Peer 1: 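One structure follows; several queries about it will come next.
Computed from a prediction, not measured in an experiment: that's the story for all the values here. Numbered from 1 within each chain, the chains take letters A, B, ... in sequence-line order.
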Protein chains: 2
Amino acid sequence: MPSVLSLADVSRSPRKSGWLDSIIKGDCVAALEALPDQSVDVIFADPPYNLQLGGMLTRPDQSQVDAVDDEWDQFASFEAYDAFTRAWLLACRRVLKPSGTIWVIGSYHNIFRVGATLQDLNFWILNDVIWRKANPMPNFKGRRFQNAHETMIWATRDPKAKGYTFNYDAMKAANDDVQMRSDWLFPICNGGERLKDADGKKVHPTQKPEALLARILMASSKPGDVVLDPFFGSGTTGAVAKRLGRHFVGIEREQAYIDAARERIDAVEQLGSGMLSVMTGKKAEPRVAFNTLIESGLIAPGTVLTDERRRYSAIVRADGTLAAGNDVGSIHRVGARVQGYDACNGWTFWHYADGATLKPIDALRTIVRAGMAGIE
Amino acid sequence: MPSVLSLADVSRSPRKSGWLDSIIKGDCVAALEALPDQSVDVIFADPPYNLQLGGMLTRPDQSQVDAVDDEWDQFASFEAYDAFTRAWLLACRRVLKPSGTIWVIGSYHNIFRVGATLQDLNFWILNDVIWRKANPMPNFKGRRFQNAHETMIWATRDPKAKGYTFNYDAMKAANDDVQMRSDWLFPICNGGERLKDADGKKVHPTQKPEALLARILMASSKPGDVVLDPFFGSGTTGAVAKRLGRHFVGIEREQAYIDAARERIDAVEQLGSGMLSVMTGKKAEPRVAFNTLIESGLIAPGTVLTDERRRYSAIVRADGTLAAGNDVGSIHRVGARVQGYDACNGWTFWHYADGATLKPIDALRTIVRAGMAGIE
DNA sequence: TATTTTCTTGAATCTCAAT
DNA sequence: TATTGAGATTCAAGAAAAT
């Protein structure tokens, strides 16, 4: 089982490597300052997002959303958050090898401040990478777009940094022999992977999926590298690092998280050396909005669509809806209503005139998908 | 053809609307200051990304600068970029209506600074939206992930801003009846849409696809709204705004871009008004009091209403209230109380017997609304 | 036991008009 | 400006319950 060290343990002999594969209990900055200079290859940091939530949020079925309202996510102001960010990034900077890289994940609440601070501190951004969530929480009030992604920033310690690890060929091979893009599709952490306590409640409110960490470590580290996570939480970084044959160091304040992480990591077995190239993201057929056909010029607003036998017709509107008389709605809704049905697949029901013949609008969707080939 | 105004033209009579559907030639901030307060519904801004252009960041070639100067330059340069960002965002803030929203697009080179500045200036971020490029430029050196997206930030002028436009129902209907996500897939602008000069060279280095602007304007504006683009470039915003029946104002310094944009916008035809109306949901429907159902004889006092599964029941009273035992109140209050909830939509919760089946009283409201159609 | 239906839940800055 | 009340609002997965 990974050992848990106090700050005193680490400070007593920082040059030794006793802190490898262990969890340091304590404040993030203080613990970082106890580690030796230039000793870490990769940092993955999932800092507090500084969410600013109003009151309670209820779902349409009147159940309550279990929000992230933990004390550790509360900051008095942007200035306070910026000062915190600066402090832990500076401490990270010192322990990072000159060829090391850092990943930071966040949402629009904090990621812009983190990114600007990284630049201010002379880190050099290599990419921003988007984690597209396959199954994000919906927007319940219908006043915004569904918040369906998070942003990760990948940066070197210095602008001129040479020799950082990027396993380009492995990434390409894992991505059907095309370059790995900056947008990744993964499900959120749920099901058996999600750590639960004895009462069945989630141990940590923001546990990250192992698949995400696996891609990060496969892309930007080598076996035997040292991976540091200054906000260790439930220990996803440690679990994946151990499985992939990397050393880890975690820093965490909360004893409950430390206990869960220790047990979790202890149960992980390292993969054999030949097994490491198989982790890729889930592929899915891209969802194509009807809107996309209009936006990409394949079908013009005002076009008249009919069914295969020209019994019903409807007009395409610029907002991506159809209008059949007073009936306005999605291609599926309007298709159902003109026929008096409850449901209808608008993609196969509605046709457009291509010369003298009618073709289903699904044919246009195929064209769009062809243009997206290889994108996921 | 859209008119081109000098700063003097606009300053002479800023309160008049002569600046609508025109391009103002001049510096971004100076031109913004010539426009009246609170006159714009939506701003789309595509500020300079490339910190090397505009003389703000002297990093043409990392290898030519030594480390010390480099660091100093970089700090100074980020400060200059931040000051520039602050200036144009503040000027935008003044011309934006209280219910207006702003979109800013950028890449990792600048978007973190823009986002942090937006927050510092008290804008309120609604979403960050990812433009996933269907056909991004490959990464040539194989030292990073393929940079396959750009980031857009959508924000209101103030944290508590109410009444901003978001055409939720149209977006959802256009997206196969599931809510629109924060990651959008579009091809980059090339082919026939890409403006070329007489030599076949592209007119503008970062011309945005019209499809992207179409979705932005369909989502966050109404026909007749005023759309401002302070970095007008080749005029994509103006072309799409005109096509979709929105007014536009563009600000641009370079005469070559202005000439190209004028010609381009002049060739655009506005879509017919029938194509432009935005699909709205229940929120936009006229309010109908439950009382009205009783007054119009659709439901009689004394009628027993139940929920869908007949677990709860209540009696309709002549004054338009419901009674469930001692509980008397609106359809919503009583619906909430019988279930032990804080809130409830009585229209969809309560059902009446229509023969052997139960129907929601919302069906009766629909009848009333149909009868009101055309009266208003 | 196998299949279908219902329930639960996830980093969320989540209403608006009338008074 | 703060309060009140009408009434609008969710997608995908996995687990649990029902058939």
Peer 1: According to a 3.5 Å limit on both distances, what stems of 3 or more consecutive Watson-Crick or G-U pairs are formed with DNA chain D?
Peer 2: C:2-10 with D:11-19, C:15-19 with D:2-6

Peer 1: Name the residue closer to the 5' end of DNA chain D, choosing between Lys160(B) and Asp362(B) according to the nucleotide with the nearest heavy atom.
Peer 2: Lys160(B)

Peer 1: So Phe145(A) and Trp154(B), ring-ring contact (aromatic ring centres under 6.0 Å, His included) or not? Walk me through it.
Peer 2: CA-CA 10 Å; Phe145(A) 298 99; Trp154(B) 182 40; 5.5 Å; yes

Peer 1: Using the C1' atom on both, measure dC16(C) against dT1(D) and round to a whole Å.
Peer 2: 15 Å

Peer 1: Tell me which residues in residues 135-144 of chain A put a heavy atom below 4.0 Å from DNA chain D, sorted by number, or none.
Peer 2: Asn135(A), Pro136(A), Pro138(A), Asn139(A), Phe140(A), Lys141(A)

Peer 1: Answer yes when Arg309(B) and Asp307(B) have at least one side-chain N-carboxylate O distance shorter than 4.0 Å, and no when they do not.
Peer 2: no

Peer 1: Would you say the base of dG7(D) and the side-chain of Arg365(B) have a donor-acceptor pair closer than 3.5 Å?
Peer 2: no

Peer 1: Rounded to the Å, how far apart are Asp169(B) CG and dT15(C) P?
Peer 2: 16 Å

Peer 1: Say we look at dC14(C) and dG7(D): how far apart would their P atoms be, to the nearest angstrom?
Peer 2: 23 Å

Peer 1: Expressed as a whole number of Å, how far does the C1' atom of dA15(D) sit from that of dA11(C)?
Peer 2: 23 Å

Peer 1: Do Tyr257(A) and Phe232(A) make the cut of ring centroids closer than 6.0 angstrom?
Peer 2: no

Peer 1: Less than 6.0 angstrom from the centroid, inside 45 degrees of the normal: does Arg253(A) satisfy that with respect to the ring of Trp72(A)?
Peer 2: no

Peer 1: Within this structure, what is the CG-to-P distance between Asp69(A) and dG10(C), rounded to whole angstrom?
Peer 2: 12 Å

Peer 1: Working note: His332(A) + Asp176(B), criterion side chain to side chain donor-acceptor pair (under 3.5 Å); need CA distance, chi angles, decisive distance, verdict.
Peer 2: CA-CA 7 Å; His332(A) 314 294; Asp176(B) 273 16; 3.1 Å; yes

Peer 1: Return yes if some donor-acceptor pair links the side-chain N/O of Ser234(A) with the main-chain N/O of His204(A) below 3.5 Å, else return no.
Peer 2: no

Peer 1: Taking dT10(D) as the reference, what is the distance to dT8(C) when you measure between their C1' atoms (whole Å, please)?
Peer 2: 13 Å

Peer 1: Heavy atoms from C-beta onward define the side chain here; which of dG5(D), dA12(C), dT10(D) lies closest to that of Val65(A)?
Peer 2: dA12(C)

Peer 1: Would you say Tyr108(B) and Asn127(A) are linked by a side-chain donor-acceptor pair, where the criterion is simply a distance under 3.5 Å?
Peer 2: no

Peer 1: Can you check the Asp177(B) CG to dC11(D) P distance for me, whole Å?
Peer 2: 9 Å

Peer 1: Does Asp197(A) reach the main-chain N or O of Asp199(A) with its side chain, forming a donor-acceptor pair under 3.5 Å?
Peer 2: yes

Peer 1: Quick one: ring pair (Phe, Tyr, Trp, His ring centres under 6.0 Å) pairs with a partner in residues 49-71 of chain A, sequence neighbours left out?
Peer 2: none

